[in-house]
Amino acid sequence: MDHGVKIRMKVNGQWREAETTPDRLLIDLLREEFGFTGTKKGCGEGECGACTVILNGRPLLACLIPAAKAEGADILTVEGLTPEQGLHPIQQAFQDEGAVQCGYCTPGMVMTAKALIDENPSPTEAEIKRAISGNICRCTGYTKIVAAIVRGAALLRGEAATTPAGVDRERVPQLPPVGPG
Amino acid sequence: MNEKSCCEVIGRSVRRVDSQGKLTGKARYAGDISVPGMLHARVFRSDRPHARILAIRTAKARASSGVVAVLTHADIPGKNVIGQVKPDQQVLCAEKVRFVGDPVALVVAETEAAAEAALALMEVDYADLPGVFTPEEALRPGAPKIHEDGNLLEEHALRKGDPEQALAGAEVVIRTAYRTQMVEHAYLEPEAGVAVFENGRATVWMPSKYAHADQRELATVLGLAPENLRVVNTTIGGCFGDKVSLSAGFFAALAAVNTGRPVRTVYSREESFIATRKRHPFRIDYTLGASREGRLVAAKIDILADAGAYSASSPTVLFKALIHAAGPYDIPHVGMKLTFAYTNNPVGGSMRGLGVPQTAFAHESQIDLLARKLGMDPFELRLKNAMRPGSVTATGHGLGDSVGLVETIERVRREVAAIGTPPATATKRYGWGIASMFYGIGQSARPNPGRARIEVDEEGRFTLFIGIGDVGQGSSTAMSQIAAEVLGRPVEEIRIVAGDTASCPDSGVTAASRVTYIVGNAVHMAAEDLLTQMRDLAAGFLRSAPGKVLYDGKAFRTVEGAGRQVSVAEVVRSARQKGGELCGTGVFDPSYTPLDPETGQGEPMGTYAYATQAALVGVDKESGEVEVLKFVACHDVGRAVNPKAVEGQIEGAVSMGLGFSLSEEILLQNGRMVKPGFSQYFLPTALDMPEIRSLIAEAPEATGPFGAKGVGEPALIPTAPAIVNAIHAAAGVRITDLPATAEKVWRLFRP
Ligand code: FES
Ligand code: FES
C-alpha cells in the first residue's frame, strides 16, 4: 500500500492540507478531499479539458498531474471564480449567450476562458477557438461558447458587450412565409 | 390561459432555468454526490467477445485490501434479466458472455483505488466460442448462435403500391449501396450512480432519461416492489439517447442492497466506451426510380443492421428507420425490408435520430445522384417531390397542415445563393451540398403518454412536476415556459421538479424528440386544469361566474372590476381550509394507428418535423482533407418555444453530424475496440466548426403546445448527407461509406 504524504496548497484563496498517496491525481484530491466537485472529470486522461483549473495563473488539466506536484501551488477552481453574489462576468456571458447545455464541459470552458482573457484581454474569435480546442463540448457545437468568451472579455474590459445584449426576452423576427415552389 | 394575449414567454429566448447551477459548479451530477460511509463499486467485464463461463473465481479479489464484497449473478436478489423491449440480457452474466464488455462481476471496496486494484485479481475461466462480427456472417446458415433462438433479432417489411413494377417502368433508376459506421454517444459526463439501501427501501441517484422505467426495471432486478425503490434523476451531463437501462446506477444499487452500505459507481471513460450502447451500423441497398422530369416514382430499400450482442432499443430503431427511410418525399411506390441481426459487437442502442441519420445519408445521397444524372438543380428536384400538406408518406400516412418542408428548402436556397461559392485554388475545391429530412415526433406506433402535475402553495407559488429529466437540451426550461405562459408568471417563478419517482408523474422517456410536443402538451393541460380550478373557487369568492372572472398572474377579479379581487394565495388558503388541495394534472398521448405487420402501413406518429440543411466544404486535392466552412440549417419546428435553445440544438447537432460524416468511428477487431477512449475517437473541436446560420420555420402543429413540434434529433439528421453531397460538388467524388476520412477521399482521387 502507498505511504501517505502530507501536502499543502492554496485552493480558492485558502490554504488546505491533506494526507494522500503520492500517485493521487490533483483532480481527485480537489473533488473527493476538498469537495470542489465543480471541476469535472470527463476522461481522466488529458483528452477533454473538463478538469481545467488555473494553477499559479496558468490553465492546467487537473487529471494529468499528481496532487503532490501541486505542493504549495495557488489553485483557482470554478467555485473560487464565482463571486459571493451573482456570477463572474465570464459566467454571466455564458448565461446570456445560451452557451450552456448539459453543463459538463462548462466549468472547464469557463476556466480556460478566464486564463485566456487574463493573458489576452481582447482575444479574437480565432484565438478563442485555439484556446478552447482542448476542451470538448459534445452539446453546443461551440458557437455560443465562442460568442460568450468574446462577450465575457468585453464585459471584463468594461465595455458594453458587442453581441446583442439581453437576448433573452427578445423576440425572433418573423420571416415572411414562402409559398410552394 | 391568462387574459394577456399569447405569448409573453413562448417564443422568447428566456434564460435556461439550470444554467446558473451549471456555471458555478453547484449543479450536482451523480458522480459529485458523496454519502458518508460510501463504498465504491467497479464492474468486472468480459474481455472475450463470445465465450461460455466455466467458473468465476472471486477469492483473490475478495481477499484484496479494502474489498468489502465481490458480487456475481448468484447475488442478484431478483430477476437477472433486463431488456425494455425484449428481455435478453443479464445484469451479471451467468453462463455466457456475448461481447467484450459484458458485465460478469461487481467489486465493492472502501475506495475506488481498492476496487480498481481488485479487478485485476478476478479470475474467470472461459471456453471461447466462435465469434460473429458482421450481420452478414450472423445470418449465414450454420453461423454460431449468439442467442438460443438464433441471430435474427428482428425483421420487418414495408409495401406501398407496386415498387417492382414501378421501378421496371422508371425512366431513370439509381441503385447504390451505402454503409454507416458504429458511433459512440460521447456525452462528456461518464455514467455514474449512487445508491442507498435502508430498511428495505432503496434510493438511487443517477442520470436517468426515464426514471420511472429505470425504477420498474431495476426493482425487478433487486427483487423490490417498485414503491420501495426511488429513482432520483441527477443533472444529466449529456446522453444523446443513451444512459438508459443497465447503467452505473443499476450496479450501485445492486451493491448497496447486498452490502447495506451506500455505494457509488462511476465509469471511467474507457469503460464508457467499452460498455455502453452505440449507434447501429447500417448497410443500405437503395434503388430509386424517377421520370426524366425528376418525378420520383419508386424506391426499394434493403437495410441490414448490426444490433450487437443484445436487443436493447433495436426494435425502436428499426421502426424509426422504416418510417423514414424513403425520405421527405411523395413517392407512390415504396418497398422496404429491414433486418436487424445479433453479433458479438457492442450493443446497438438509441442515439439521436434512432436510425434515421443513417437512412437519411442514403436517401439524400440518392437524391443528389439523381439530380446529377438528370442535370437538375438539387433544390429544384427536392422541391418537385417535397412533402406538402396532404402528401402521403411511405407508411401511407396522409399529412396534415403542419408541413414546412418547402419553406425550409426555399429559405436555404436563398441563403446559399447569397453566400456563394469561393473559386477553386491550386489545391482546394469548394462546393455546396444540401439535404432535407422529415422526422416523426414521439415514439412510433405505440402509446407514449406524457404526464405532468402542477401544484400551488399557500404563498401562491407554482411547482411543476414532470417525470423527465433535462438531458442538456433545455427541456426543463421549455416546460417551465409553457407553464409560465398559461399561469401568467415569469419563468423564474415556476419551480420545477424533474425525474424523481417519489413525487413526479410518469411522463415517458426523454427521447425521440417527444418532450416538447408530448410532455409539453401535458404541462399545458395541467396548467389549464389548475387555472380552471382556481378560477372556479375565485368566482365563488367574488360571487361571480367563472366566465366573468379575469386572471392577471397574481389575482382574480371580476370583469366589472370595481376593485373586487382575490389573490392566488388566498384562493389556495381557503381551498386548504376546506380540506381541498389545488393540483392541476395533464396527460397527452398522440393518436396513431399501428403499422400493419405485413405492409408497414399505418399512421405511426402524431406529427412530423421537417428540415433542410446546406454545407459549404473545401476539399484539399492533395490530402483529401475536408473542411466544412459554412452551414445553413432551416428547421420547421412548428413553433420555437425558445429560439435560442433551438439554435443551440442546431449548432450542437451540426457538430455531431460533422463528426458522424468526417471523423467518428468505433473501430473493432473481432469485436474488440482498438483504443477505447477519446484519444483515438475524433470528436469535432472548436477549430472544426463552420460558421452556422440557423433559420427557424414555423408551420404550427394544431395538436402541439402553442403549435410546437420538436428539434432535438431532426437537427442532426440531414447534416452528414449535406456534407457528403458537398464533397461531391466540390471534388467530384462520391462517398458511400461513412465516415469520409481524408484517406477515403484521397483514395477516390486515385482510382
Ligand atoms: S478529465 Fe482531464 S482532460 Fe478530461
Ligand atoms: S454543454 Fe454538454 S458538453 Fe458542453
Side-chain angles (χ1 to χ4, degrees), chain A residues 1 21 28 31-32 35-45 47-48 50 77-79 82 87 91 94-96 98-107 110 128-130 132-146 167-172 174-175 177-181, chain B residues 11-16 18-29 31-32 34 65 186-190 235-238 240 268-269 380 383-384 388 406-407 409-411 471-474 640 643-645 647-648 651-656 677-679 683 685-687 689 692 695-696:
Chain A
M1 203 67 212
T21 51
D28 294 327
R31 288 177 51 86
E32 308 298 337
F36 292 117
T37 53
T39 304
K40 302 300 177 202
K41 194 176 192 174
C43 68
E45 47 200 30
E47 298 283 346
C48 77
T77 72
V78 74
E79 288 91 347
T82 309
L87 296 172
Q91 294 170 319
F94 269 67
Q95 184 166 67
D96 293 345
V100 180
Q101 288 191 24
C102 85
Y104 207 75
C105 71
T106 307
V110 167
I128 292 169
K129 285 187 175 183
R130 216 169 309 128
I132 62 167
S133 64
N135 292 69
I136 302 275
C137 175
R138 187 58 154 168
C139 302
T140 66
Y142 308 97
T143 311
K144 296 198 187 312
I145 292 176
V146 173
V167 191
D168 48 324
R169 310 267 154 180
E170 180 200 285
R171 200 174 262 280
V172 253
Q174 292 285 310
L175 284 125
V178 180
Chain B
R12 304 212 171 182
S13 298
V14 301
R15 279 198 186 116
R16 289 180 64 114
D18 55 358
S19 55
Q20 179 107 3
K22 289 172 173 176
L23 277 158
T24 56
K26 291 202 182 79
R28 297 274 229 132
Y29 300 83
D32 300 338
S34 273
S65 142
Y187 28 76
L188 206 57
E189 177 210 21
T235 307
I236 304 176
F240 309 110
S268 68
R269 178 56 60 182
E380 210 47 57
L383 281 173
K384 198 164 211 160
R388 291 175 166 76
V406 167
E407 181 184 344
I409 300 172
E410 290 279 10
R411 284 175 60 188
V471 297
Q473 87 281 41
K644 190 152 251 197
E647 255 178 47
E651 290 160 3
V654 168
S655 76
M656 193 174 266
F678 285 153
S679 67
L683 294 166
T685 73
L687 293 171
M689 287 304 291
I692 301 169
L695 306 168
I696 296 172

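What you are looking at is a predicted structure, and each value in this text was computed from that prediction instead of being measured. Below, chains carry the letters A, B, ... as their sequence lines are ordered, and counting in each starts from 1.
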For chain A, the option from [options] that forms the most heavy-atom pairs under 4.5 Å:
{"options": "K384(B), Q20(B), K26(B)", "value": "Q20(B)"}
{"options": "K22(B), R28(B), M656(B)", "value": "K22(B)"}
{"options": "G652(B), S655(B), G25(B)", "value": "G652(B)"}

>> With a 6.0 Å cut-off on the ring centroids, do Y104(A) and Y29(B) count as close?
In response: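 Between Y29(B) and Y104(A), which both carry aromatic rings, the centre distance is below 6.0 Å.
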Minimum heavy-atom separation for [X] to [Y], with atom names?
{"X": "C43(A)", "Y": "F678(B)", "value": "CB-CD1, 3.8 Å"}
{"X": "S34(B)", "Y": "E32(A)", "value": "OG-OE1, 4.2 Å"}
{"X": "I692(B)", "Y": "T143(A)", "value": "CD1-OG1, 3.9 Å"}
{"X": "A27(B)", "Y": "K40(A)", "value": "O-NZ, 4.1 Å"}
{"X": "C102(A)", "Y": "T235(B)", "value": "O-CG2, 4.4 Å"}
{"X": "Q91(A)", "Y": "T24(B)", "value": "NE2-CA, 3.9 Å"}

Is any side-chain heavy atom of [Y] closer than 4.5 Å to one of [X]?
{"X": "Y142(A)", "Y": "M689(B)", "value": "yes"}
{"X": "D96(A)", "Y": "R15(B)", "value": "yes"}
{"X": "Y187(B)", "Y": "C139(A)", "value": "no"}

> Contact part of I236(B) toward chain A, heavy-atom cut-off under 4.5 Å: side chain, backbone, both or neither?
Replying inline: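 Just its backbone gets close to chain A.
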>> Suppose we screen for salt bridge (Lys or Arg N to Asp or Glu O under 4.0 Å). Which residues come up paired with R31(A), at least two apart in sequence or across chains?
In response: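 D32(B).
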> With R16(B), which residues qualify under salt bridge (Lys or Arg N to Asp or Glu O under 4.0 Å), at least two apart?
Replying inline: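 Expected list: D18(B), D470(B).
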>> Between T37(A), V110(A), I132(A), who has the most heavy-atom pairs with chain B when the cutoff is under 4.5 Å?
In response: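 If we count pairs closer than 4.5 Å to chain B, T37(A) comes out on top.
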>> Donor-acceptor check, side chain of Q101(A) to backbone of G648(B), threshold 3.5 angstrom: yes or no?
In response: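 Looks like yes, one N/O pair under 3.5 Å.
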>> I'd like to know if the side chain of R269(B) reaches the main chain of G42(A), judged simply by a donor and an acceptor atom lying under 3.5 Å from each other, with no hydrogens or angles considered.
In response: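 Yes; at least one donor-acceptor contact below 3.5 Å.
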> Which bit of T82(A) comes within less than 4.5 Å of chain B, counting heavy atoms only: side chain, backbone, both or neither?
Replying inline: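 Contact with chain B involves the side chain of T82(A) alone.
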> Checking S133(A) against chain B: side chain, backbone, both or neither under 4.5 Å from a heavy atom?
Replying inline: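 Contact with chain B: backbone and side chain both.
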> CG of L683(B) to CD1 of I136(A): how many Å apart, nearest 0.5 Å?
Replying inline: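 Output value for this atom pair is 5.0 Å.
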>> So, taking the atom named CG in L188(B) and the one named CZ in R138(A), what distance separates them when rounded to the nearest 0.5 Å?
In response: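 These two atoms lie 10.0 Å from each other.
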>> Salt bridge check, E651(B) against K144(A): does any charged N sit closer than 4.0 Å to a carboxylate O?
In response: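 Yes, this pair counts.
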